[in-house]
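Heads up: the structure comes next, in structure tokens.
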Amino acid sequence: MQKEWRKGRSVFRKPKWSLFFLILPILCLIMSGCSRKEKETPPAVPSAAGRDSGGLVIGFSQLGSESAWRLGNTASMEKAAKEYGFRLIVENGMQKQENQIAAIRSFIAYRVDVIVFAPIVEDGWANVLQEAKEAGIPVIMMDRLINIKDSDLYTAYIGPDHYQEGVNAAKYLLKKAEELQKDMAENGKIHIVELSGTEGSSPMISRFQGFHDLIDRDERFEVLETVSGDFLRSKGRECMQKLLRKYPGEIDVLYSHNDAMTLGAIEVMEEEGIEPGKDIVIISVDGEQAAIDLLKEGRINCVVECSPMLGDAVMELAQAIVSGEDYPRISRPEEDCFTEYDDLSSLEPRGY
Ligand code: GYE
């Protein structure tokens, strides 16, 4: 459309007057046709529940595509929306809060029935959520939590318990410690390095807290350093490289807040001749297929599950909210913890 318009303008620049008057009426006709067409495009002010197709229109602000977890989560939302006959408008925030805020504003302007968002960080959402509230649009927070004084600014939360995930990681380590201490009799301490997720995000904060609440009070452990790998495989690799240089031969345990970073860290260890799972005990979070495969091979010791398959539950929740039924304000899926001590032979394919 834009290209056609530019072409039109170049005709105007070098006019041949006779030709001009001949084509003027034709041009006018075309232009009025165009503008009428524009006016005919609905300004997107639909009524609430059930536009043309009868299904809900859901605006979904996804925070990015940094990991297999995230891709699995987006796919789960898309699949579920289709099954429910809902129209899902997905906006990828590309790891930037301002993009997510802009997306939520566009959903408000579009007057979607429900807004779903996975907040990249905990702080900074009050204004845009106030706008959604004033517009009367329910907001479902998915996956991550936010830090907000007025909790009425969102309608419901659905997502994993990231604090419990940190606790699960620590519980595995407490069990493993018995075995480790026999090998480390000389200096007694078990040295841990931690790759944490995106700064200021709720899984980073809670996975840190859950783990440290159990580990820090136990004198057998020492956390050498916690560094943020931003939930990215590339940064996991980069950070692990630095840690291995800084603490040569000293690291006993890696606790990594997600599988993507773990995979990057394992790559580096192997390049440096370190055997992951043996020379360094590896604890990871998420449970994507690649990590489970490494766990089965003995190259990871523990994978704390965090399921991204939230689509069905989100759609069900959205439907209940819009139709005025009772709905749970907070729902959390059941999660497991897979370790080297478990029989994983009958574990179903993970799907992410
Ligand atoms: O663990 C990680 C993703 O918010 C729980 O985000 C999610 C985390 C997940 O990038 O892989």
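As the structure lists them, so they are numbered: ligands from 1, and atoms in each ligand from 1. Bear in mind the structure is a predicted one, so any value in this text is a computation, not a measurement. Starting from 1, each residue takes its place in the sequence as its number.
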Can you list the steps and then say if R350 with E305 is a side-chain contact (heavy atoms from CB on, under 4.5 Å)? CA-CA 10 Å; R350 306 291 298 154; E305 184 183 36; 2.9 Å; yes

How are the rings of Y84 and F86 set relative to one another: parallel (under 30°), tilted (30 to 60°) or perpendicular (over 60°)? tilted

Just checking, any donor-acceptor pair under 3.5 angstrom between side chains of E340 and Y172? yes

Crowding at NZ, K296 (>12 non-hydrogen neighbours, <6.0 Å): yes

Take F117 and W125 through the ring-ring contact (aromatic ring centres under 6.0 Å, His included) test and state the conclusion after the steps. CA-CA 11 Å; F117 83 123; W125 301 99; 5.0 Å; yes

Mind checking what makes salt bridge (charged side-chain N to carboxylate O under 4.0 Å, His left out) contact with R233, not counting sequence neighbours? E267

Listing by chain and number, which residues have a heavy atom under 4.0 Å from ligand 1? E66, S67, W69, R70, D143, R144, H162, P203, R207, F231, N258, D286, C306

